[in-house]
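Report on the following structure.
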Amino acid sequence: MDSRLREVDVPSEPAGGASAPAIAKVEVEVTKPRNDRRGYRRVVLPNALECLLISDPDTDKAAASMNVSVGYFCDPDGMEGLAHFLEHMLFYASEKYPIEDSYSKYIAEHGGSTNAFTTSEHTNFYFDVNNDSLDDALDRFAQFFIKPLMSPDATLREIKAVDSENQKNLLSDPWRMSQLQKHLCSNNHPYHKFSTGNWDTLEVKPKEKGLDTRAELINFYDSHYSANLMQLVVYGKDSLDNIQTLVESKFCDIKNVGRKHFSFPGHPCLSKDLQILVKAVPIKQGHTLRILWPITPNVRHYKEGPCKYVSHLIGHEGEGSLFYILKKLGWAMSLEAGEGDWSYEFSFFSVVIQLTDVGQEHMEDVVGLLFRYITLLQTSGTPKWIFDELLSICETGFHYRDKSPPMNYVVNISSNMQIFPPEDWLIASSVPSKFSPDAIQKVLNELTTENVRIFWESKLFEGQTDLTEPWYGTSYSVEAVPPSIMQKWVENAPNEDLHLPKPNIFIPTDLSLKNVEEKASFPCMLRKTPFSRLWYKPDTMFFTPKVFIKMDFHCPLSNSSPESSVLTDVFTRLLTDYLNDYAYDAEVAGLYYAVRPNDTGFQVTMVGYNDKMRTLLDTVIGKIADFEVKIDRFSVIKETITKGYENFKFRQPYQQAMYNCTLILEEQTWPWDEELAALSNLEARNLEDFLPRMLAKTFIECYFAGNIEPSEAESVVQHIEGTLFNSSTSVCKSLPPSQHLTKRIVKLERGLRYYYPAMCLNQQDENSSLLHYIQIHQDDLKQNVLLELLAVVAKQPAFHQLRSVEQLGYIALLRQRNDSGVRGLQFIIQSTVKDPSNLDARVEAFLKMFEVTLHEMPDAEFKSNVNAVIDMKREKYKNIREESAFFWGEISQGTLKFDRKEAEVAALGELKKEELIEFFDNYVKVGAPEKKILSIQIYGGLHASEYEKIVHDVPPPHSHRITDIFSFRRSRPLYGSFKGGAGQMKL
């Protein structure tokens, strides 16, 4: 069923020692999706750099990714984090472009973004940029791998950035538990290593050994970064021939030092690392059970896909599945199964179960049921119909895959190039095409009690552990659990009806495209009644058999108090919980749905193949109409939400700053501690009383887009109205226009600086954070584009100064903020080196510096930035989700400016540099006459004394300290809302 494309292939080494030509033509077939019209070409340069070139005449963005087959497994002993540190350093400067940060500045000024990451066996560098800037961007990018400059000053500064990145992760449970799993492995295997690095590993310890970190860095680069270990993907609008010429000219000078591919044979786990039960103390509330087994890596049999088959069954959530039983018993909140950390040499299969408080008391029974289900799979044979279902789902997913942003696409492919043969670079392991019962049975036979590692995380283990993981300080203990013990767990587990899943009724069979005559560019209102309003947008761009549906249920009572807000949350979670064993198959088959609370009620979202959409949507609506509160499930959901609130204090300080900013600015938002207090007193009967009252005033705003005819969209909404409003048992009643809710935003005072200092909720967290918000205007065409242009111009200079030069912290960024159409700029910084008041001063110092830069900006640079923003505005949507997100944003905010982008492009074309300077001088610069500032200051453990000082000091001139958020909010005027009642809208 695969479409095949003829490609150029080149052997990576010349035969007989002869010099390699630029292109040696050997045809191979590369599998690509049926509907993919892009051109692909594989070339290998004379230096053995392997490249994939992608030509997409429809693209608005160009992108590139260089994968280097070197990761933290290669870190020298005693210099943990060196590979990751090198990833950071290559961004600074090069011999050809010696001005620091010029690469990132160029990318930002030409509509793009850039980043990199380091994993165990590879480091990936990538960017995207406007099409006409690809040539210069590639030239700068290539210098990473040709002649980078790593100055002593930059080296020292960037060690601090790596240390700040590590500081950010120290209290993060995913990082902590991942490192604990690595720690409890063989010391002689690189999996055991600490990957990030910190000040101690990159500065202190090397100095103690007489090593110079910069010299070690350069030596590591020279000896490890070799062209034959690199894989490059370049994506552009131009022809393949032109892209090839570009790549050959830019990347041919990368040295090939003939380095052999790094290999790390053997498994990280020795026999002593198996048959263990590890009890660990997490940072957050909750109980997590992780069961892991070393297995044969799936990548060795990726065409058979044994892990995909096994994880599909163990991770299933339908009737008879392990999760279905654990949920019925009230023991589990979620279950995930699949291949975890892996390489070609080793792999772990993991099952991760979030336990309830009751489930925590039944850990042995949970593990016993897991092994009983595995035994069922081991003894049931391997039914081919299950494989055929998976194959059908995976093939459909591959051939109708949504087009993704070019940057994401190139990163994915360049990573695949290190692992898979050229013909499978696009498809990778996503479609298991060969049914192999033996390969499946082999994986199942590795999931034994002899082979297992169990990690059990809970705050209940505090004070019961005797060991500490050295890098993150996680407290843990280890005990042996021989197979004989686990066999007793299996025997003692409750006798439940575990069985294989039923055939999936949601697998799409009709993938035809609807013949919609109307080729509208914008949504139109198809229908309006006192109960609902229907917006419709046919698919005129993507031509895929998919639909996107949003339905906002406006219920004024839903958010009228902390109690009602919490009850609405409980209702949506219970609804999802009830639907789970039925709707899980839909998700597996590519039809996704979600029910979530929002500011004015709750929202139902559905996206995926349109074929079985009606079946699922009718079920969701029917469940709302016939909703019953089940006391046992209410208790589990209440416990889940309670833990979420209790874990609020463990959010990163910058996240706490963002939360407080929203709480100050948005009317009718409730603080988390009040919602937690309300939740603790709620019982099932409170929801039974509340729900009919909430639904008694309801209006549904609907948006249907994609492969659906207008008559079908109208029919669906008529059916929803009939079910919810017009039957004899309906609890929903129409919402009068006068009672429609709006979200309104606090208007700050001109010429005043408001500041809100608060201690970090987690006193163990040493990080402090600042959110410096400059409120500017409410939705206005001219001011919108001036603000966006200013943000583009200032973004990279802010990052360079605050992060790279001053090293205030790993998180240091400038971006726009949009609160229901009220727009502004915000600086966000997280730091251990300066307290928030000092960070505020550094932001002001940057703005003074930037004022000079802006006033002296050459006309050509101004024009280049304007063109970059225009190109971003003209960027076409990649898929139905992207398009719908924009149109739904206009509908939900009430602005209805569906032609916003076209109007903004026209406005940008008329902008003058003087207007941008005037905008900055009036609203943003230090002392600007129209300036409105809100400074949210979160003080971490290192800055407790500075917090005490600021709350007792008299506010400086033109400053006002917010002491009570809600008194402040009530005292301020509000911006008007764009959202009128539905009754005010005319068809």
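Everything numeric here is computed off the predicted structure, so don't read it as measured data.
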Any salt bridge between D618 and R614, counting N to O under 4.0 Å?
yes

Which residues satisfy the ring pair (Phe, Tyr, Trp, His ring centres under 6.0 Å) test with H719, sequence neighbours excluded?
none

Heavy-atom distance under 4.5 Å between the side chains of I708 and M613, does that happen here?
yes

Applying ring pair (Phe, Tyr, Trp, His ring centres under 6.0 Å) to F553 and not counting sequence neighbours gives F602

Would you please name every residue forming a salt bridge (charged side-chain N to carboxylate O under 4.0 Å, His left out) with E345, sequence neighbours left out?
R300

Report all side-chain donor-acceptor pairs from residues 329-339 shorter than 3.5 Å, counting only partners two or more places apart or in another chain.
residue: W331; atom: NE1; partner: L329; partner atom: O; Å: 3.4
residue: E339; atom: OE2; partner: N298; partner atom: N; Å: 3.0
residue: E339; atom: OE2; partner: S347; partner atom: OG; Å: 2.5

Listing request: all salt bridge (Lys or Arg N to Asp or Glu O under 4.0 Å) pairs with a residue in residues 366-376, at least two apart in sequence or in separate chains.
none

Quick one: ring pair (Phe, Tyr, Trp, His ring centres under 6.0 Å) pairs with a partner in residues 370-391, sequence neighbours left out?
W293-F371, F387-F435

One thing to verify: whether K61 and D128 come together as a salt bridge, which I'm taking to mean a side-chain N less than 4.0 angstrom from a carboxylate O.
no

Checking K623 now: which residues fulfil side-chain contact (heavy atoms from CB on, under 4.5 Å) with it, not counting sequence neighbours?
L575, Y578, L579

What pairs of residues pass the side chain to side chain donor-acceptor pair (under 3.5 Å) test when at least one of them lies in residues 704-714, not counting sequence neighbours?
N610-N707

Report the relative orientation of the aromatic rings in H267 and F348; use parallel for angles under 30°, tilted for 30 to 60°, perpendicular for over 60°.
perpendicular

Is the shortest side-chain N to carboxylate O distance from D36 to R401 below 4.0 Å?
no

Can you name the residues that form a ring pair (Phe, Tyr, Trp, His ring centres under 6.0 Å) with F506, not counting sequence neighbours?
Y582

Sequence neighbours left out, what passes ring pair (Phe, Tyr, Trp, His ring centres under 6.0 Å) with H316? Give chain and number order.
H312, Y584

Looking at residues at least two apart in the chain, or sitting in another chain, which of them share a side-chain contact (heavy atoms from CB on, under 4.5 Å) with I413?
L52, I54, V233, Y409, M417, W425, L426

Who pairs with D626 by side-chain contact (heavy atoms from CB on, under 4.5 Å), at least two apart in sequence or on another chain?
none

